[in-house]
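The block underneath contains the structure these notes are about, expressed in structure tokens.
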There are 2 protein chains.
Amino acid sequence: MRARSTKLKQDKKSLSKAPAKRAKRMPHAERREQILTQAAEFFSEYGLTGQTRSLAAACGISQRLLYRFFPTKAALLAEVYARTILGPFEGEWFGDLTNRDKSMETRLIEFYSDYYEKLLTRRWLRLFLYSALAEGDMAPNYISSIITKLLDTIVDEAALELKISPPENPDFKRELGWTLHGAISHLAIRRHIYHGPHKIPHTDMIKVYVQTFLAGLPITTKHGAD
Amino acid sequence: MRARSTKLKQDKKSLSKAPAKRAKRMPHAERREQILTQAAEFFSEYGLTGQTRSLAAACGISQRLLYRFFPTKAALLAEVYARTILGPFEGEWFGDLTNRDKSMETRLIEFYSDYYEKLLTRRWLRLFLYSALAEGDMAPNYISSIITKLLDTIVDEAALELKISPPENPDFKRELGWTLHGAISHLAIRRHIYHGPHKIPHTDMIKVYVQTFLAGLPITTKHGAD
DNA sequence: TTCCTAAGTCGTCAACTGACGACTTAGCAA
DNA sequence: TTGCTAAGTCGTCAGTTGACGACTTAGGAA
């Protein structure tokens, strides 16, 4: 019942095929970069409780060397989280949603196809879920504020095109946005975490979700006034 | 960077308030029951890597006693999983979805309100996600076959009422069902795992999701023939 | 009351694990 | 070639863990 990552440690002293030769020298910054990349992959697979020795083995370096770059495992995890989870949220990556030269359906399909492929990857999702479950809640505010803005944008733009007025209640308005955002997020969870089937291309499904959202909005918007 | 469950161990030898007195005697079956109940709660909070010593402390018994009931921690986990995750799927708990005396909207709202409250709890979701991430994939087939049947039922019944024919492609048909099922599952994940706001009652949101699903189905069904 | 049995605990083993002091060595500059 | 410095490793410590042999004791039956 040891952590599963243990099995990476090349069977310990078994066959001498891999004599664990000395790692090639590398500049500080470069090695640090390599460790962070490997760590993102490693912890997303084995969870935040993955062992530093296994991570070091995956990097092809000694465990001790990790501590030349990060004072503690927690510090390493924090940086992995900041880069892998928070990093992709930087910048104006959904400004195109307000480009009214295109139909809202087109805008949503293009945006979410990109979002699905760039952000809702196996690596991102697993790391995010491990962090959420650990309840460290490392930076829920940062992400949630961006998602909130995204949801507001989606509902406002869709309502505009549909010539309806969005719900007064901002909480309810955001929940309407989650109708679309949640369905697509769950598609990614199903496929990347639950290992569900990929028989229908995700782009087709995104189109379905977008059309469903737009078809439902005129009906569901009315509840807001209750 | 120890497992968080450690903090349950009543501060070790600190204040002598709790001298760790002997547990009260209890019949074998009853104690076993108590352990399993506590274990479900415990592992759902602290993850499958939670320590047996902490679990024992939460049960008010010695760690050794756990091994009078389960040969290994893995065996205990397997039984917890079978009861907590698989157990709720037994029986004909969604037969009412085909009761055509009620409108499909009513049937879906009633079913998913029940489903959300009974199954999509914090405990169930956390345990399920921890298991899915661990990739033990303890029994994905059993659950997925039931969900598949549920999805088929939903789309067929909705199509019947809407006087449209469901998609030919069974994979696509199920994906249409996921439009609804996924949105509601994700609502539960958001609220129970991501600690999202609960300002709008979940019953209101289920109504929104159901109406959105029914409004979108006539449009999205057409893609199946492509 | 006596005694027997099952409920329950103590203490310990061996492997695991984060962390780090002390040491070795590659590769460049003079 | 020499020698300095930063890259890299060894070995170990202390606290954790799953697991279990040996022991203690509650409480009902005779």
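Keep in mind the model is a prediction, meaning the values are calculated, not measured. The sequence lines fix the lettering, A, B, ..., with proteins before strands; numbering per chain opens at 1.
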For a 4.5 angstrom cut-off between non-hydrogen side-chain atoms, does B:Tyr194 reach B:His186? yes
Close side-chain approach of A:Leu133 and B:Leu133, heavy atoms under 4.5 Å: yes
Does the distance from a Lys or Arg side-chain N to an Asp or Glu carboxylate O, for B:Glu30 and B:Lys24, drop under 4.0 Å? no
Distance check needed: C:dT5 P versus B:Arg68 CZ, whole Å only. 16 Å
Compare all side-chain heavy atoms of A:Val80 with those of A:Leu127 and state whether any distance is below 4.5 angstrom. yes
Take the protein atom CD1 of A:Ile61 and the nucleotide atom P of D:dT9, then report the distance between them rounded to whole Å. 7 Å
Quick one: on DNA chain D, does B:Thr72 or A:Ala23 contact a more 5' nucleotide (nearest heavy atom)? A:Ala23
How long is the line joining NZ of A:Lys73 and P of D:dG15, in whole Å? 19 Å
Near DNA chain C, under 4.0 Å by heavy atom, which residues of residues 26-34 of chain B? B:Met26, B:His28, B:Arg31
If only side-chain N and O atoms of B:Ser62 are considered, is one of them under 4.0 Å from the OP1 or OP2 phosphate oxygen of C:dG8? no
For the pair A:His181 (side chain) and A:Leu151 (backbone), establish whether a donor and an acceptor sit closer than 3.5 Å, ignoring hydrogens and angles. no
Any side-chain heavy-atom pair of B:Ser145 and B:Lys149 under 4.5 Å: no
Using only modelled atom types and a 3.5 angstrom limit, is any donor from either the side chain of B:Arg53 or the base of D:dG18 paired with an acceptor on the other? yes
Flag the pair A:Glu175 and B:Lys207 as a salt bridge only when some basic side-chain nitrogen lies within less than 4.0 angstrom of an acidic carboxylate oxygen. no
Would you mind telling me which of D:dC20, D:dC10, C:dA19 lies closest to the side-chain atoms of B:Arg64? D:dC20
Round to a whole Å and report the spacing from CG of A:Leu66 to P of C:dG18. 10 Å
Side chain to side chain, B:Ile35 and B:Ile61, heavy atoms closer than 4.5 Å: yes
Whole-Å distance between C:dT9 P and B:Phe69 CZ? 10 Å
Nearest-Å distance for atom pair CG/P, residues A:Leu55 and C:dA19: 13 Å
From CD of A:Gln63 over to P of C:dG21, roughly how many Å is that when rounded to an integer? 14 Å
Taking the side chain as C-beta and beyond, is there a heavy-atom pair between A:Asp171 and B:Pro197 under 4.5 Å? no
For nucleotides 26-30 of chain D, give me every protein contact, N/O to N/O, under 3.5 Å, one pair per line with atom names.
from	atom 1	to	atom 2	distance (Å)
D:dA26	N3	B:Arg25	NH1	3.0
D:dA26	N3	B:Arg25	NH2	3.3

Using whole Å, report how far OH of A:Tyr67 lies from P of C:dG21. 13 Å
